[in-house]
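Proteins get letters first, then strands, A, B, ... in listed order; numbering begins at 1 in each.
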Amino acid sequence: MPELPEVETIVRVLRPGLEGRRFTRYTSRWAKQAVPSVAAVRRGIVGRRIRRLWRRAKYIVMDLEDAGNAARRKRIVRGADDRHPSEHLLIHLRMSGRFEWASQNKDKPRHVRAVFDLDNGRRLLFCDQRKFAKITYTTDLAAVTGKLGIEPLERRFTSAALDRVLRGRSRQLKPLLLDQTVIAGLGNIYVDEAMFRAGLHPTVRSEHLTSEETRRLRTAIRAVLRKAIRHRGTSFDEAYLGGGMQKYLDVYGRTGLPCRRCRTPIERFRIAQRGTHICPNCQPLDGKR
DNA sequence: TGGTATGTTCCAAA
DNA sequence: TTTTGGAACATACC
């Protein structure tokens with residue numbers, strides 16, 4: 001489910017309830033979800049304060065306060081300080097991970113895989129129908145996130161930067177845009193949406209884009225992500241937050257419906273095992289590419 | 001019953 | 001070496 005805009009939305013929603021709080025208890029109902037292990041996550045986070053909650057690509061990142069006692073301090077990586085905390089809890093939601101605050105006057109949430117208790121008595125539930133999500137405790141953030149590519153909403157993501165990405169290899173455009181080591185945070189929905197906005201066919205070879213097409217693609221990626229964040233992401237079922245972006249999708253999930261721009265029916269096919277949606281008229285594939 | 005799913009990773013083949 | 005395809009992970013829904 002979640003791509004960059006959904007993860008960003010979740011971080012913004014959770015931040016007031018988590019920053020400054022301390023974990024008092026962590027229990028897991030799905031051991032394989034915890035990395036490196038349930039015990040290691042528990043040792044790493046219980047008793048620790050969450051200094052900051054932020055997002056890197058599709059990861060939810062919690063910076064943990066450095067340990068307060070001498071025994072723990074010894075274990076901390078050298079150089080850790082307020083600006084560069086050395087201990088982190090990372091959550092990757094994969095296909096179906098989601099957070100929910102425990103509450104008595106609601107139905108029991110389904111697929112609860114982990115429970116986090118906080119020092120103010122609140123309880124955060126982590127649910128994950130398909131059990132693909134990962135909860136990682138690490139003292140080496142770069143070991144987890146170091147291979148991720150550029151953040152598409154950062155200033156550094158210029159047309160020139162995208163141009164380098166596209167020309168540095170010879171791949172079909174869509175699989176390249178989905179590659180987290182190249183651009184970090186795009187998923188199947190927003191890649192399809194961005195390519196539609198840019199008028200580009202998903203199988204175009206990346207190195208063949210003109211500089212004008214590259215500029216259009218950069219603008220399209222940023223616009224679609226910003227719009228999705230503004231609408232709090234895309235919801236596909238009742239489970240998720242109530243984001244409203246699905247109302248504004250142009251191609252994803254609109255197979256057979258008329259293109260909003262030219263009325264041509266939207267087509268769906270498969271690239272790299274991913275359902276792919278295009279308007280064949282707005283996203284032509286000219287011969288040589 | 002079989003096909004599908006918004007993600008990632010690993011392996012094999014080209 | 002790079003790119004691509006397939007399977008795996010695990011479950012629910014249509």
Side-chain angles (χ1 to χ4, degrees), chain A residues 1-10 28-36 55-60 90-99 109-114 126-136 143-149 165-196 202-208 221 224-225 227-229 231-256 268-277:
Chain A
M1 175 166 70
E3 305 181 27
L4 185 157
E6 288 74 29
V7 177
E8 180 64 29
T9 302
I10 289 164
S28 173
R29 302 185 198 176
W30 179 245
K32 288 168 76 173
Q33 168 181 88
V35 180
R55 177 191 63 75
R56 170 72 171 111
K58 301 173 191 172
Y59 285 91
I60 298 165
L90 289 90
I91 295 101
H92 197 300
L93 305 167
R94 297 282 184 101
M95 294 290 271
S96 61
R98 63 191 177 85
F99 280 104
R110 303 176 69 188
H111 315 300
V112 177
R113 309 297 183 197
F126 185 67
C127 309
D128 181 25
Q129 176 198 110
R130 292 176 65 185
K131 300 183 177 176
F132 286 170
K134 294 286 177 231
I135 295 175
T136 303
V144 184
T145 63
K147 287 186 176 162
L148 291 169
V165 157
L166 296 170
R167 291 184 193 290
R169 29 184 89 57
S170 177
R171 292 175 68 180
Q172 294 181 328
L173 181 60
K174 172 162 177 175
L176 181 65
L177 296 177
L178 284 171
D179 186 336
Q180 300 300 298
T181 69
V182 175
I183 299 173
L186 295 175
N188 206 34
I189 296 176
Y190 299 116
V191 164
D192 279 6
E193 293 298 311
M195 289 185 304
F196 170 79
T203 65
V204 174
R205 309 302 301 198
S206 62
E207 77 275 25
H208 289 164
I221 289 170
V224 81
L225 292 176
K227 183 171 182 180
I229 290 171
H231 291 284
R232 307 174 87 245
T234 300
S235 312
F236 273 75
D237 49 55
E238 74 297 332
Y240 176 71
L241 282 174
M245 182 62 186
Q246 62 274 14
K247 294 197 288 278
Y248 304 98
L249 298 179
D250 290 321
V251 286
Y252 188 90
R254 296 192 69 244
T255 311
R268 183 181 194 278
F269 58 106
R270 238 166 220 290
I271 302 174
Q273 293 126 270
R274 311 302 300 273
T276 299
H277 312 73

Q. Whole Å only: how far is the CD atom of Glu3(A) from the C1' atom of dT8(B)?
A. 13 Å
Q.
Taking any heavy-atom pair under 4.0 Å as a contact, classify Lys134(A): base, sugar-phosphate, or nothing.
A. nothing
**Q.** Met95(A) CE - dC13(C) P separation (whole Å)
**A.** 15 Å
Q. Between dG7(B), dT3(C), dC9(C), which nucleotide has the shortest distance from any of its atoms to the side chain of Arg169(A)?
A. dT3(C)
Q. Between atom CG in Asp128(A) and atom P in dC9(C), what is the gap in whole Å?
A. 16 Å
Q. In this structure, which one of Val204(A), Asp179(A), Asn188(A) forms a side-chain contact (heavy atoms from CB on, under 4.5 Å) with Lys174(A)?
A. Asn188(A)
Q: Check the angle between the aromatic planes of His92(A) and Tyr59(A) and answer parallel, tilted or perpendicular using the 30° and 60° thresholds.
A: perpendicular
Q: Give none if dA14(B) has no partner; otherwise give the nucleotide forming a Watson-Crick or G-U wobble pair with it, both distances under 3.5 Å.
A: dT2(C)
Q. Between atom CD1 of Ile271(A) and atom CG of Asp192(A), what is the distance when rounded to the nearest 0.5 Å?
A. 8.0 Å
Q) Roughly, in whole Å, what's the span from CZ in Arg94(A) to P in dA8(C)? A) 17 Å
Q. Where the side chain of Lys58(A) is defined as all heavy atoms beyond and including C-beta, which of dT4(C), dC13(C), dT8(B) is the nearest nucleotide?
A. dT8(B)
Q. Is any side-chain nitrogen or oxygen of Gln180(A) closer than 4.0 Å to OP1 or OP2 of dT8(B)?
A. yes
Q: May I ask you to evaluate whether Lys131(A) reaches the phosphate of dA12(C), defined as a side-chain N or O under 4.0 Å from OP1 or OP2?
A: no
(Q) With a 4.0 Å cutoff (strictly under), does any side-chain N or O of His111(A) reach OP1 or OP2 of dT11(C)? (A) no
Q: Send over the distance from Glu207(A) CD to dT2(C) C1', rounded to a whole Å.
A: 12 Å
Q.
Rounded to whole Å, please give me the gap between CZ in Arg167(A) and C1' in dT3(C).
A. 19 Å
Q. Looking at NZ of Lys227(A) and OH of Tyr248(A), how far apart are the two atoms once the value is rounded to the nearest 0.5 Å?
A. 6.5 Å
Q: Identify whether any heavy atom of Arg130(A) sits under 4.0 Å from a base atom; if not, whether one sits that close to sugar-phosphate; answer base, sugar-phosphate or nothing.
A: base
Q: Return the 5'-most residue of the pair Tyr59(A), His277(A) with respect to DNA chain B, ranking by each residue's nearest nucleotide.
A: His277(A)
Q | Heavy-atom side-chain proximity of Val182(A) to Arg169(A) below 4.5 angstrom | A | yes
Q: Rounded to the nearest angstrom, tell me the gap between atom CZ in Phe132(A) and atom P in dT8(B).
A: 12 Å
Q | Phosphate contact (dT4(C) OP1 or OP2) by Arg171(A) side-chain N/O below 4.0 Å | A | yes
Q. Rounding to the closest angstrom, what is the interatomic distance between dT8(B) and dT1(C) at atom P?
A. 25 Å
Q.
Nearest heavy atom decides the nucleotide; on that basis, is Gly168(A) or Gln273(A) closer to the 5' end of DNA chain C?
A. Gly168(A)
**Q.** Pairwise side-chain contact, Leu93(A) with Lys58(A), heavy-atom cut-off 4.5 Å (strictly under)
**A.** no
(Q) dT4(B), OP1 or OP2 - any side-chain N/O from Arg274(A) closer than 4.0 Å? (A) no
(Q) Whole angstroms only, please: what is the CD-C1' distance between Gln129(A) and dT4(B)? (A) 12 Å
